[in-house]
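First the structure, in the form of structure tokens, and then the observations on it.
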Amino acid sequence: MDFKSIEKKWQDKWYKENPFKAVDFHPTKPKFYVLYEFFNISGNLHMGHLKGTVPADALARYKRFKGFNVLFPIGGDAFGLPAENAAIKTGINPRDFVEKGMKTVLDQSKRLGLSFDFDRTICTSDPDYYKWTQWIFLQLFNHGKAYKEKAKVNYCPKCNTVLSNEDSQGGKCDRCGSDVIQEERQSWFLKMREYSDKLLGNVDRIQMAENLKEAQRNWIGRSEGTEIVFDIYNKKGETVGKLPIYTTCVETVYGITFVAIAPEKELLDKIKGNISNWKEIEEYRKKTALRSEFDRLSDQKEKTGCKVEGVYVVNPVNNRKVDVYIADFVLANYATGAVMAVPSHDQRDYEFAKKFKIPFIQVIEGDTTKNAVEKGEYLPKNSRLINSAEFTGMTVKEAKAKIAEKLINMGVASKKVNYKMTDWAFNRQRYWGEPFPIVICPHCGEVALSEKDLPLVLPMVKDYLPDQKGNSPLSKAKEWVNCKCPKCGRDAKRETDTMPNWAGSSWYWLRYIDPHNDKALADFEKLRYWGGVDVYTGGTEHITRHVLYAFFWQNFLYEIGAVPTRDPFIRKMGSGLVLDSEGKKMSKSSANGVSPMEVVDKYGADVTRMHLHFLGGYEDNTPWTYDGIKGITSFIDKVWSLQDIVKGDDISNEHRFELASLNKKISDDYENLKLNTAISALMIFVKKIKEDNFITKEELKQFLIMLNPLAPHVTSEIFERVFKSQILDCTWPKYDEKDLVKAEVEIVVQINSKIVSRVNIPTSASKEEALSIAKADAKIAISLEGKTIVKEIYVPARIINIIAK
RNA sequence: GCUGGUGUGGCGGAACGGCAGACGCACAGGACUUAAAAUCCUGAGAGGGCAACUUCGUGUGGGUUCAAGUCCCACCACCAGCACCA
């Protein structure tokens with residue numbers, strides 16, 4: 001068998017005729033939308049891509065046989081670092097880099113025989129596409145969901161650019177490795193936090209692995225608690241301000257011995273006149289500002305802080321005076337940026353209090369000599385309160401409600417929900433991204449372009465680096481930057497930052513539905529027809545953020561009436577990694593990286609597809625190895641040789657059961673992307689056929705259809721040779737439920753749960769009949785001699801267990 | 001630390017509470033061959049026995065059940081995500 005010429009023949013045919021075309025509003029077939037996370041345009045395909053594409057392809061091919069109108073599209077995520085870095089390093093124009101990169105990944109997809117509908121291919125850096133990314137931003141802006149604000153951001157002093165958290169992991173710049181610092185800059189934000197509860201709803205409804213759902217819930221970080229307002233007093237006892245503090249442990253309120261405020265909170269500046277050690281405060285603020293966010297969050301670090309002299313707050317439950325500190329373990333952007341510190345019952349407060357010699361008041365039972373007794377410890381035990389006035393002796397559960405009630409009745413507290421998730425920082429000082437459709441006018445402020453001016457095309461530049469002040473490379477494109485304000489007509493400048501890489505990927509599944517529409521991001525009726533993505537495959541690397549961003553945009557688009565559904569995806573399946581021989585993630589940079597194209601050249605696409613997926617389950621990490629690939633090649637050879645032993649037409653009685661079982665098994669496996677067990681079921685079937693040394697025409701036909709989603713090339717070829725017609729014109733074979741049941745099965749007979757014998761029992765037998773057959777067996781009869789039967793268990797087609805004394 | 005997941009032969013991995021180790025690789029023996037490769041057949045969890053057979057076996061320790069890899073409790077190890085979130 002010459003797999004090279006066979007595979008070429010079929011690929012040429014498919015990609016010329018496009019039998020995989022998805023039909024809008026198909027009159028009879030139900031729709032099915034299979035999505036693979038589009039390619040990040042950076043180079044060649046790697047093994048990781050096969051983990052997600054091949055199962056999706058198998059599912060798409062299976063569903064087409066099942067009579068579905070399948071949408072299985074592909075595209076490129078092209079804005080972002082790979083193209084820009086290549087431009088900086090080699091001088092290649094990012095447009096050319098992307099064009100070449102797109103061609104590479106699409107060609108390589110074809111060499112794998114992936115059944116994408118290439119007529120719907122999109123690319124995020126194409127103006128026809130990013131016109132609609134800009135349009136979505138415009139809607140966000142016009143609906144008050146996008147705003148510009150001064151904020152602390154990660155900044156690389158060497159590259160002169162703002163970095164996202166993901167581009168600055170471990171406090172080092174992703175591009176140059178320098179230490180990242182915190183800098184205040186004007187930044188764009190999207191009001192994602194507002195959508196927290198809606199996103200939690202999306203998470204609940206989507207079908208996805210529990211660990212991934214949990215990661216998303218953690219990211220959103222919803223918590224319920226109480227917000228208490230403390231009055232701030234000066235030395236003279238005059239009220240000078242109010243300090244709201246959020247807590248989830250209101251039961252510990254009698255244990256407060258200090259309060260701590262995040263150093264950057266402006267509240268302090270307002271009461272500056274009352275603070276006697278202002279210089280010291282300013283010094284501490286400077287010191288913490290220099291430290292990066294990462295350093296601050298490192299738990300290795302010792303607590304630092306500074307007492308705020310001259311002011312105090314009063315605990316409303318007992319009028320106790322409480323000292324005020326600033327401390328950088330308190331995060332400015334969570335809740336109110338201040339904590340009520342209870343050293344006995346919070347480990348951070350405990351450490352801080354030890355260091356600053358602040359007193360402890362224990363209010364819940366437990367041993368606080370070495371560590372704080374935290375809620376994780378006292379809640380399950382339902383311990384009782386101590387030192388808490390009228391609440392002393394109550395259980396925590398009781399006290400929690402009663403204390404909150406008291407504070408609320410006093411008018412100093414309210415119930416409150418908080419989220420860890422912040423608004424989405426949405427700008428980068430980069431060239432290769434979507435320009436904001438925004439003009440900055442000295443008179444009108446930020447002014448949106450009108451829809452008819454979209455797309456705002458990214459201008460050509462020669463210099464892709466930001467300037468010394470960290471202004472975006474686009475600021476150097478003077479002709480482009482200088483413009484008239486769309487509102488007042490006077491001189492203005494365009495926003496020169498660009499959108500982050502995540503923008504284009506936060507709505508792309510919608511564009512596939514109507515990729516060439518120039519009136520809307522997609523036609524509403526088409527969106528309604530195709531609905532949510534039925535199955536979405538891809539890696540797990542950025543899944544938490546990507547899916548949340550996707551939920552956010554889809555919710556927004558739903559609420560403004562641009563799309564008909566709130567949920568973008570019905571089922572999302574994260575694939576495992578492909579590991580190299582050292583158990584590390586296989587990537588281009590990995591020394592042991594094996595290119596899938598190398599394997600395709602050597603063994604063919606069918607074998608490559610099957611071998612990788614025979615190595616392990618879709619969601620598992622699979623170590624890549626050539627070991628065992630022989631098993632797949634010899635399987636394909638055996639399949640090829642089936643042509644020589646075709647005898648008879650209809651399904652034979654010898655193979656009726658096996659064929660029906662294979663059908664049931666493999667259908668389930670394709671639906672659930674369990675290709676490893678699908679392959680093993682196919683192997684078992686071929687083994688049986690080879691043993692019997694014949695296969696009928698109908699059996700071969702059905703078998704080839706069942707194997708086609710995994711090995712599309714060789715099955716197409718054999719089918720054409722034997723049946724003189726096209727496999728893709730077939731429908732999935734049907735089977736009779738009763739063929740799944742053998743007339744007679746061998747089952748195990750146990751006595752006192754130990755296997756004693758095996759007997760053949762008709763599947764139609766009743767319990768009594770089965771047992772009498774078993775008892776007639778010589779070994780059973782001997783073992784039961786002289787014993788009294790206590791209990792008899794018969795699980796049809798599985799087991800008989802006789803309990804006897 | 002918190003959350004979620006995983007733990008099965010020499011290896012990759014299978015097992016609706018019902019014969020653990022399917023399927024494949026590697027391995028051993030045999031057939032074919034001058035020989036090798038390829039192919040085909042056979043064997044094999046570990047220990048013991050010439051044998052029929054038998055004991056032990058799914059990270060560890062308990063439990064539920066006629067029956068546990070699977071369910072429950074406790075613990076250990078590894079992987080992933082989050083991590084000073086009040």
Side-chain angles (χ1 to χ4, degrees), chain A residues 209-223 225-227 245-250 252 259-260 262 296-301 303 327-331 333-342 345-349 351-352 374-376 418-422 540-541 543-545 574 576-577 579 583 610-611 614-617 619-632 634-635 637-638 641 674 676-687 690 746-755 758 790-804:
Chain A
E210 198 47 45
N211 59 333
L212 300 176
K213 285 191 170 207
E214 211 44 44
Q216 300 197 321
R217 293 194 189 103
N218 281 343
W219 189 271
I220 297 167
R222 186 181 200 276
S223 81
T226 310
E227 191 171 296
I245 290 179
Y246 173 75
T247 179
T248 55
C249 303
V250 73
T252 63
V259 297
R296 282 182 62 179
L297 295 183
S298 148
D299 60 355
Q300 309 293 342
K301 185 182 64 78
K303 297 276 178 293
D328 70 358
F329 78 86
V330 185
L331 304 173
N333 57 4
Y334 182 73
T336 64
V339 298
M340 53 169 240
V342 184
H345 303 293
D346 182 289
Q347 193 57 28
R348 291 155 300 161
D349 302 347
E351 284 160 23
F352 193 89
E374 293 194 296
K375 61 179 163 188
N418 260 302
Y419 303 93
K420 277 197 240 178
M421 190 170 69
T422 55
T540 52
E541 211 179 352
I543 198 166
T544 303
R545 268 164 293 165
L577 301 172
L579 307 174
M610 289 180 75
H611 176 58
F614 193 49
L615 287 174
E619 289 180 321
D620 304 323
N621 293 340
T622 37
W624 167 262
T625 168
Y626 278 104
D627 289 352
I629 197 164
K630 209 182 107 186
I632 302 292
S634 86
F635 170 73
D637 286 344
K638 279 177 201 159
S641 73
K674 289 169 80 174
N676 54 340
T677 49
I679 293 166
S680 118
L682 289 159
M683 285 173 166
I684 292 167
F685 182 78
V686 170
K687 207 177 195 178
K690 294 292 266 185
E746 187 192 72
I747 73 169
V748 165
V749 183
Q750 298 181 329
I751 293 176
N752 296 331
S753 306
K754 287 209 166 161
I755 299 163
R758 285 149 217 276
V790 181
K791 194 174 178 181
E792 294 171 328
I793 292 133
Y794 172 53
V795 182
R798 297 228 177 255
I799 206 161
I800 288 174
N801 191 3
I802 301 168
I803 311 302

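Letters go in sequence order (proteins before strands), and every chain restarts at 1.
The salt bridge (charged side-chain N to carboxylate O under 4.0 Å, His left out) test applied to A/Arg758 returns no partner, not counting sequence neighbours. Not counting sequence neighbours, A/Phe614 has no partner by the ring pair (Phe, Tyr, Trp, His ring centres under 6.0 Å) test. Scored by the side-chain contact (heavy atoms from CB on, under 4.5 Å) test, A/Ile793 finds A/Lys791, A/Val795, A/Asn801 as partners (sequence neighbours excluded). For A/Glu619, there are no salt bridge (charged side-chain N to carboxylate O under 4.0 Å, His left out) partners two or more places apart in sequence or in a different chain. Listed by chain and residue number, nothing satisfies the salt bridge (charged side-chain N to carboxylate O under 4.0 Å, His left out) test with A/Glu746 (two or more places apart in sequence, or in another chain). Partners of A/Arg798 under the salt bridge (charged side-chain N to carboxylate O under 4.0 Å, His left out) rule, at least two apart in sequence or in another chain, do not exist in this structure. Every residue meeting the side-chain contact (heavy atoms from CB on, under 4.5 Å) condition with A/Glu374, not counting sequence neighbours, appears here in chain and number order: A/Asp346, A/Gln347, A/Ala372. Under the side-chain contact (heavy atoms from CB on, under 4.5 Å) criterion, A/Val339 pairs with A/Ala260, A/Phe329, A/Val330, not counting sequence neighbours.
In this structure, A/Ala215 and A/Cys249 both approach RNA chain B, and ranking their closest nucleotides by distance from the 5' end singles out A/Ala215.
At B/rA15, one or more side-chain N or O atoms of A/Lys674 fall inside 4.0 Å of OP1 or OP2 (strictly under the cut-off). Side-chain N/O atoms of A/Lys687 include one lying less than 4.0 angstrom from OP1 or OP2 on B/rG24. Using a 4.0 Å cut-off, some side-chain N or O of A/Asn676 falls inside it from OP1 or OP2 of B/rA14. Checking the phosphate oxygens (OP1, OP2) of B/rG81, no side-chain nitrogen or oxygen of A/Arg545 falls inside 4.0 Å. Under 4.0 angstrom from either OP1 or OP2 of B/rA86 there lies at least one side-chain N or O belonging to A/Tyr334.
Within the 4.0 angstrom heavy-atom criterion, only backbone atoms of the sugar-phosphate kind lie near A/Asn621; the bases stay farther away. Within 4.0 Å (heavy atoms only), A/Asn418 reaches no atom of the nucleic acid at all. If you check every strand for non-hydrogen atoms under 4.0 Å, A/Lys213 touches nothing. Counting non-hydrogen atoms under 4.0 angstrom, A/Arg758 reaches a base of the nucleic acid.
The nearest whole Å value for the distance from the CE atom in A/Met421 to the P atom in B/rC82 is 15 Å. As a whole-Å value, the separation of A/Gln347 CD from B/rA86 P is 15 Å. Atom CD1 of A/Ile220 is separated from atom P of B/rA83 by 14 Å (rounded to the nearest Å). Regarding A/Gln216, its CD atom lies at a distance of 12 Å from the P atom of B/rC82, rounded to whole Å. One atom, CG of A/Leu615, and another, C1' of B/rA26, lie 14 Å apart when rounded to the nearest Å. Here the P atom of nucleotide B/rG24 and the CE atom of A/Met683 are 6 Å apart, to the nearest Å. Taking atom CD of residue A/Glu214 and atom P of nucleotide B/rC2, one finds them 14 Å apart after rounding to whole Å. Atoms CZ (A/Phe614) and P (B/rG12) sit 14 Å apart, rounded to a whole Å.
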### Query
What string of B, S and - do you get for nucleotides 38-48 of chain B, 5' to 3', if B is base contact, S is sugar-phosphate-only contact and - is no contact with any protein heavy atom under 4.0 Å?
--S--------

### Query
Once each nucleotide of nucleotides 64-75 of chain B is scored for protein heavy atoms under 4.0 Å, what B/S/- sequence comes out, 5' to 3'?
--BS--------

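Picking from B/rC85, B/rG18, B/rG4 the nucleotide with the shortest atom distance to the side chain of A/Glu210 gives B/rG4. In the set B/rG18, B/rC85, B/rG13, B/rG13 carries the atom at the smallest distance from any side-chain atom of A/Pro623. Checked against B/rC25, B/rU3, B/rA14, the side chain of A/Asn218 finds its nearest nucleotide in B/rU3.
Consecutive Watson-Crick or G-U pairing (both distances under 3.5 Å) extending over three or more pairs maps onto RNA chain B as B:1-7 with B:76-82, B:10-12 with B:23-25, B:27-31 with B:39-43, B:45-48 with B:53-56, B:59-63 with B:71-75.
Taking atom C1' on both B/rG81 and B/rC71, the two are 28 Å apart, rounded to the nearest angstrom. Remark: the separation of the C1' atoms in B/rG57 and B/rG69 is 11 Å, to the nearest Å. Nucleotides B/rC19 and B/rU33, compared at atom C1', are 41 Å apart to the nearest Å. Using atom C1' as the reference point in both B/rC72 and B/rA68, the two lie 11 Å apart (nearest Å). The C1' atoms of B/rG9 and B/rG21 are separated by 7 Å, rounded to the nearest whole Å. Nucleotides B/rC11 and B/rG5, compared at atom C1', are 23 Å apart to the nearest Å. Taking atom P on both B/rC2 and B/rA74, the two are 14 Å apart, rounded to the nearest angstrom. For B/rA20 and B/rA14, the C1' atoms lie 10 Å apart once the distance is rounded to whole Å.
In this structure the side chain of A/Phe635 never reaches within 4.5 angstrom of the side chain of A/Ile679, judged on heavy atoms. Using a 4.5 Å heavy-atom cutoff, the side chains of A/Ile632 and A/Met683 are in contact. Side-chain contact check for A/Lys420 versus A/Trp219: every heavy-atom pair is 4.5 Å or farther apart.
Between A/Thr252 and A/Lys375, the side chains place no donor N or O within less than 3.5 Å of an acceptor N or O (distance only, hydrogens not considered).
The nearest pair of heavy atoms linking A/Pro623 to A/Leu615 is O-CD1, 3.8 Å. Looking at every heavy atom in both residues, A/Tyr419 comes nearest to A/Tyr334 through O-CE1, 3.5 Å. Listed here is the closest heavy atom pair of A/Ala797 and A/Tyr794: N-OH, 4.1 Å. Nearest heavy atoms, A/Val686 versus A/Lys638: CG1-CB, 4.0 Å.
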Might you list the N or O atoms of the protein lying below 3.5 Å from N or O atoms in nucleotides 6-8 of chain B, with each pair's distance?
none

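Of the charged side-chain nitrogens involved, at least one lies within less than 4.0 Å of a carboxylate oxygen, so that A/Arg217 and A/Glu214 count as a salt-bridged pair.
Base orientation at B/rG9 is syn, since its O4'-C1' glycosidic dihedral falls within 90° of 0.
Within 3.5 Å, a donor on the side chain of A/Lys303 pairs with an acceptor on the base of B/rC84, or the reverse. For A/Arg798 and B/rC19, a side-chain-to-base donor-acceptor distance below 3.5 Å is absent, hydrogens and geometry of angles not being considered.
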